[in-house]
Every structure is written in structure tokens, then in C-alpha cells.
Amino acid sequence: MTSPVFALVDCNNFYASCEKLFRPDIKDQPVVVLSNNDGCVVARSREAKAIGIKMGVPAFQIRELIKQHGIVVFSSNYALYADMSNRVMQTLEHLAPQVEVYSIDEAFLDLTAIDQVTTMTEFGTQVRNTVYQHTGMVVCVGMAPSKTLAKLANYAAKKYPATGGVLDLTHRTRQRKLMSITPVGEVWGIGSRLTAQLQQLGIQTAQDLADADPKQMRKHFSVVLERTIRELNGESCLELEQQAPAKQQILCSRSFGEVVTDKAMMKQLIGGYVSRAAEKLRAEQQCCRYLQVFIRTSFFRRDGNQYSNAASTRFPVPTDDTRALMRAAHLLLESIWKHDIAYAKAGVMLTELSPAQNQQQDLFCATDHQTSRKLMTLLDQINAGKYGKAWFASQGKQSPWTMKRGHLSPAYTTDWSHIPQVN
DNA sequence: TCTGGGGTCCTAGGACCC
DNA sequence: TCTGGGGTCCTAGGACCC
């Protein structure tokens, strides 16, 4: 039996690259993309990284740098990123027999059968060139016998220009060489907390971790860390998941552009989140049994009056009906609402999901299932079309959850009226 | 003045049962 | 006075990822 080979394909500076694709005029300029509400930096172009802009810094802290270096700033444009992501993934589907879309800008490929035909490096280069040709997106490719090592290979392909963006890490000696110069915190699954704890134990590099006793580490930490150690030693513990598993929870939450103190306003906001969450739920073809609503002040407040609370309910029968969810959510809000609080964030969470088909009905609870289904389908159809939107009165007349998006780029690829023009 | 959103998995500890 | 042991289920919270 041949041992498995995985490739990790990862887009470089994905959001920033998406923005640059349609703006050749800023090709070599530093670019940053901000989170919702134009809050934090969530993506940086190569040039912006070189200036020293860190991932996750609040926008207001880099105002001077932006001015000084002429950094081009964008609000996040998820419609654009999702569309570009689809194009990249479709290209990958043509290049490899099995693809796992791992996130918006990354995919694992199963290359187990490929190594007979061509060298790994050649294949990786072909992937890189083809994706660039088809989409304009630059990707790096890392290949190795486990997902964790493939991640590491990709990290190195990005970090070391001499690799040409493609790294074959299938050989043991090369794995050891790379791991011995890579900080343990760069390993997939090792975050800041674990890094600190591992360093206490004298584990500094990826190689140190690979050399640790997996049984011992499991006892000390968890089964997850044990798996990571085995993966670093070339033992594949994580399989390729071609079919995305059904979601287990759906969350819709926002920080507000300005604090909210008015209950009626909060009701509208929660209504909007429920609406959106229910839409996602139906798109997944699932129903939920459990609904949670939460509201809170800002963690960053220094003065008193911090407040954070959540309330939840379990339905007798799973539902995907926005009306039922919204009624329940508003009751939950009533139960946790406190006056004279400056709320900064709120959200709703749906859990205990199950397939929408074959729902067990409640004998004593007369819901008109047919009508509900028809109404929700119609609602989703209207909102998917381009002839206007339909929403519930309790969400307010205009969507009150407009957030700060001062630097939004056009919907180049998803709206005819925004299509780029060549003059 | 100004600090994102949406997920997953694992573990510890309490409640409860026999 | 003396007060078991083992199992399951649930939840909250921590840690991680992108």
C-alpha cells in the first residue's frame, strides 16, 4: 500500500489579492483589508506586511502609517472573495482527483495516485501556474505525507522565496531539516497558549515537538496534541474530507458601529440576525431545536457597567421557520435585557441541527407545516433575486444593522453594473 | 472617539442514576 | 459513630482554526 500524499494549496494574502486583481493601478502598492465595521486588519498585501502592519491590529492604531505610506484600505467585500474562492476551487477540482475545500482560501488535495506520473515539484508548479492562468490568483503549494506536514510545507513555500512557492516535503530528511528551524508555534494546531506551555517544557522547534513522546503529551495535554505529534512524524491521522460535514451550529452576530441603548432598536437588530441565521439554516437544509440569544457590552470598556448575558430555549419540534425563531428570540431578549447599558454586540446561535426532511412532528402542537415551508421558500426566492428584498416588520423599515464600510470595493464579479470597464 | 465573525473539538466537573 | 463506586449525560469554558 502506498503511503498517502497530501498537498495544501493556499492563496497568498487572499483578500488583499482579490482587491488587487481588479485594480491594476495599485498592483505594487501596500493594501490592507479591514474586518466588519472597518475594525481590524484582516488581510495585508506583501507590501503592507513589509511595512510592519500586523494581523488583527485595530485600524485606528495604524492611521498614521496609512497616511505615511499611502496604504490603500478596503472594507471586506465577502461577495467578491467568495466568488474568487469558487473560481480557484473549481480550477483545483480539474487538477486533482480529490479536493477538500478547507477554508475560503485553502484546499487540501489527495495526491496519493499522482506520484507515479510526475514529480511532486512538477505537479505543484503546474497547480500554481494553472490557478494563476485561470484566476489571476497566486498560490503556494506544500506537499507531504500528512496534513500537518503539508501545512508546514506550505508555510515554508510562502516564507522562503527560493522554493518558488512550491515545496515537496515527502522526504524524511527534508522534513527534519525544516522542522529544526521552524518555531513550534508555526505548527498547525499549536496556538499561543500551547506555545507558551510547550516552551516551558523546553520545546522550542517543530522538531522538538516531533521528538516528544505522544503518549506522555496526551496525558499532559490532550488527544489533539498527540495527533499533531504523530502527524509531524509522517503518520497520517487526519483524512481528506471531500464532503463538508453538516454544520453543527449557525451563528450570526455583530459588533455595532455605535453602542445600542434602546430596546426597540435591539429588537430590530436581533430580528435581523435571526433572519439571516434562519436563511443559512434553510440553505443547509436543516432545522434547529435550540436557539440562543446573547447581548453584551464592549470588552474594551474601562469604566464599569459591564454586562453580558445569554438566554436560550429548546423547541418541542425542530424548526426552520423565521417567524417561530423570531418570536422566541424576542422573548429571550426580554428576559436578559437590562436598561441603561451601552450594548456593543449581540447575536443569535442555532444548534441541535437536524436534516429538514423527515422531521418528527409533534402530535399536540398544530403547526401548519405545509404553509410554513411554502412561505419560507418564497421568502428565500425573493431575497435571492434582484427585484428587491422582503423582510419582517420587526426587523424595522430599513436594515438597522448597517455597519461601517467606508472603503468597500465594487462587486466586480457578481453584479453586472459593477463589471470592470476597459477604456 | 475607533478593537471582526464564524466555526470545530476536547475536557472537566456537576447532576443524576443504579 | 459509621455514609460506595461506577457509569452516563449535559454544559460551560478553553483552545484552536481561518
Side-chain angles (χ1 to χ4, degrees), chain A residues 8 10-15 32-43 54-64 66 73-78 81-82 85 100-108 147-148 151 154-155 184-198 217-228 237-238 241 244-259 273 276-277 280-281 284 289-290 292 294 296-303 308-310 312 314 342 344-353 401 403-407:
Chain A
L8 179 67
D10 192 321
C11 301
N12 294 11
N13 319 319
F14 183 59
Y15 294 174
V32 297
V33 179
L34 304 180
S35 63
N36 280 342
N37 279 320
D38 292 344
C40 303
V41 171
V42 292
K54 298 276 177 255
M55 184 69 174
V57 290
F60 70 88
Q61 283 178 10
I62 57 165
R63 203 154 292 164
E64 278 310 307
I66 289 172
V73 178
F74 289 95
S75 305
S76 10
N77 183 347
Y78 289 106
Y81 311 150
S85 173
E100 172 188 343
V101 177
Y102 175 68
S103 76
I104 194 161
D105 72 332
E106 291 172 74
F108 285 104
K147 282 182 160 183
T148 305
K151 271 273 196 187
N154 191 285
Y155 155 83
V184 69
E186 299 294 344
V187 175
W188 191 33
I190 310 297
S192 58
R193 301 298 174 100
L194 266 176
T195 301
Q197 292 181 61
L198 291 172
M217 297 301 272
R218 177 181 184 150
K219 229 179 277 172
H220 231 275
F221 297 94
S222 80
V223 64
V224 183
L225 189 62
E226 181 193 8
R227 247 187 329 241
T228 299
C237 306
L238 303 164
E241 290 172 21
K247 271 197 179 40
Q248 299 184 30
Q249 62 172 231
I250 289 171
L251 186 90
C252 186
S253 72
R254 290 288 181 281
S255 298
F256 310 137
E258 294 167 25
V259 293
Y273 305 155
R276 179 76 195 104
K280 289 195 223 172
L281 184 67
E284 283 273 312
R289 251 199 107 177
Y290 195 80
Q292 186 190 65
F294 66 88
R296 69 164 169 80
T297 50
S298 168
F299 286 144
F300 301 100
R301 278 178 77 108
R302 288 288 160 81
D303 53 342
S308 167
N309 208 348
S312 56
R314 183 172 273 124
K345 181 172 180 170
V348 303
M349 188 159 74
L350 311 179
T351 50
E352 296 188 16
L353 310 186
W401 50 339
M403 50 187 171
K404 281 190 234 160
R405 289 175 100 182
H407 312 275

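Quick caveat: nothing in here was measured; it's all calculated off a predicted structure.
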[X] near the nucleic acid: base, sugar-phosphate alone, or nothing, with a heavy-atom cut-off under 4.0 Å?
X: A/Val259; value: nothing
X: A/Arg227; value: sugar-phosphate
X: A/Ser192; value: sugar-phosphate
X: A/Ile104; value: nothing
X: A/Val57; value: nothing
X: A/Phe299; value: nothing
X: A/Gln61; value: nothing
X: A/Asp38; value: nothing
X: A/Ile190; value: sugar-phosphate

Specify whether A/Tyr15 and A/Tyr81 have parallel, tilted or perpendicular ring planes, treating 30° as the upper limit for parallel and 60° as the lower limit for perpendicular. parallel
Go nucleotide by nucleotide along DNA chain B from the 5' end; which of A/Ser255 and A/Gln248 gets its closest nucleotide reached first?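 On the 5' side of the pair lies A/Ser255.
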Let me know, please, whether A/Ile250 or A/Ser298 comes out on the 5' side of the other along DNA chain B by nearest nucleotide.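 Nearest-nucleotide comparison on DNA chain B picks A/Ser298.
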Can you check the A/Tyr273 OH to B/dG6 P distance for me, whole Å? 9 Å
Look through every strand shown and name the nucleotide pairing with B/dC18 as Watson-Crick or G-U wobble, where both distances are under 3.5 Å. C/dG5
Nearest to the side chain of A/Cys40 - B/dG4, B/dT11, B/dG7?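 Within the option list, the nearest is B/dG4.
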Between the side chains of A/Glu258 and A/Lys404, is the shortest nitrogen-to-carboxylate-oxygen separation below 4.0 Å, so that they form an ion pair? no
Between SG of A/Cys252 and CG of A/Leu281, what distance do you get to the nearest 0.5 Å? 12.5 Å
So how far is it from A/Arg254 CZ to A/Asn37 CG, rounded to the nearest 0.5 Å?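 Answer for the CZ-CG pair, A/Arg254 versus A/Asn37, is 8.5 Å.
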If the cut-off is 4.0 Å, is A/Lys345 near the phosphate of B/dG5, judged by side-chain N/O to OP1 or OP2? yes
